[in-house]
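Take a look at the structure below.
Note that the structure is predicted; figures quoted are calculated from it, not measured.
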Amino acid sequence: MGEIGQFLPFIAMFAVVYFFMIAPQMKRAKQEKKFASELKRGDKVITKSGLHGKIADLNDKDNSCVIETMAGKLKFDRTAISMELSKNLNVSPTEVKK
């Protein structure tokens with residue numbers, strides 16, 4: 001029992017680190033990957049750099065998308081699209097009132 005007792009604090013620290021840091025990060029990465037795969041033409045999005053636009057075209061070969069803005073069309077990687085900002089942009093006014 002003495003040998004296990006020595007390692008118990010390390011095991012507890014690893015469990016805390018896993019449940020508070022590693023698991024939420026993995027969950028967030030899974031959600032972002034799902035969000036990027038569910039993008040479709042016509043969705044209003046905001047990139048992580050703050051560019052607002054509408055998706056004009058999606059390319060599955062190089063995982064990119066063309067975003068139409070007021071200035072023209074720009075090609076971005078799908079990972080450059082912000083999940084949180086885009087979800088807030090696409091919320092309908094009736095959902096906000098609830």
Donor-acceptor list for residues 15-29 side chains, cut-off 3.5 Å, not counting sequence neighbours:
{"residue": "Arg28", "atom": "NH1", "partner": "Glu84", "partner atom": "OE2", "Å": "2.7"}
{"residue": "Arg28", "atom": "NH2", "partner": "Glu84", "partner atom": "OE2", "Å": "2.7"}

Solution key, residues 30-40 side-chain donor-acceptor pairs under 3.5 Å, sequence neighbours excluded:
{"residue": "Ser37", "atom": "OG", "partner": "Lys33", "partner atom": "O", "Å": "3.4"}
{"residue": "Ser37", "atom": "OG", "partner": "Lys34", "partner atom": "O", "Å": "2.8"}
{"residue": "Lys40", "atom": "NZ", "partner": "Asp43", "partner atom": "OD1", "Å": "3.2"}

Margin query: Tell me every residue that passes side-chain contact (heavy atoms from CB on, under 4.5 Å) with Lys54, counting only those two or more places apart in sequence or in another chain.
Written below: none
Note to self: Can you list, by chain and residue number, the hydrophobic cluster partners of Leu8 when the side-chain cut-off is 4.5 Å?
What the structure shows: none
Next item on the list: For Asp62, enumerate each residue passing the side chain to side chain donor-acceptor pair (under 3.5 Å) test, keeping only those at least two apart in sequence or located in another chain.
Entry: Asn59, Ser64, Lys75
Margin query: How close do Thr69 and Gly53 get, counting heavy atoms only, and between which atoms?
Written below: CG2-CA, 4.3 Å
Check: What closest approach, in Å, do Lys48 and Thr79 show between heavy atoms, and which atom pair accounts for it?
Finding: NZ-O, 3.2 Å
Margin query: Quick check against the 3.5 Å criterion: does Arg41 have a side-chain atom that pairs as donor or acceptor with the backbone of Ile55?
Written below: no
Check: Honestly curious: do Met83 and Ile46 fall in one hydrophobic cluster under the side-chain, below-4.5 Å linking rule?
Finding: no
Item checked: Residues which pass side-chain contact (heavy atoms from CB on, under 4.5 Å) with Asp57, listed by chain and number, not counting sequence neighbours -> Val66
Next item on the list: Hey, could you give me the OG1/CG distance between Thr47 and Leu74, rounded to the nearest 0.5 Å?
Entry: 9.0 Å
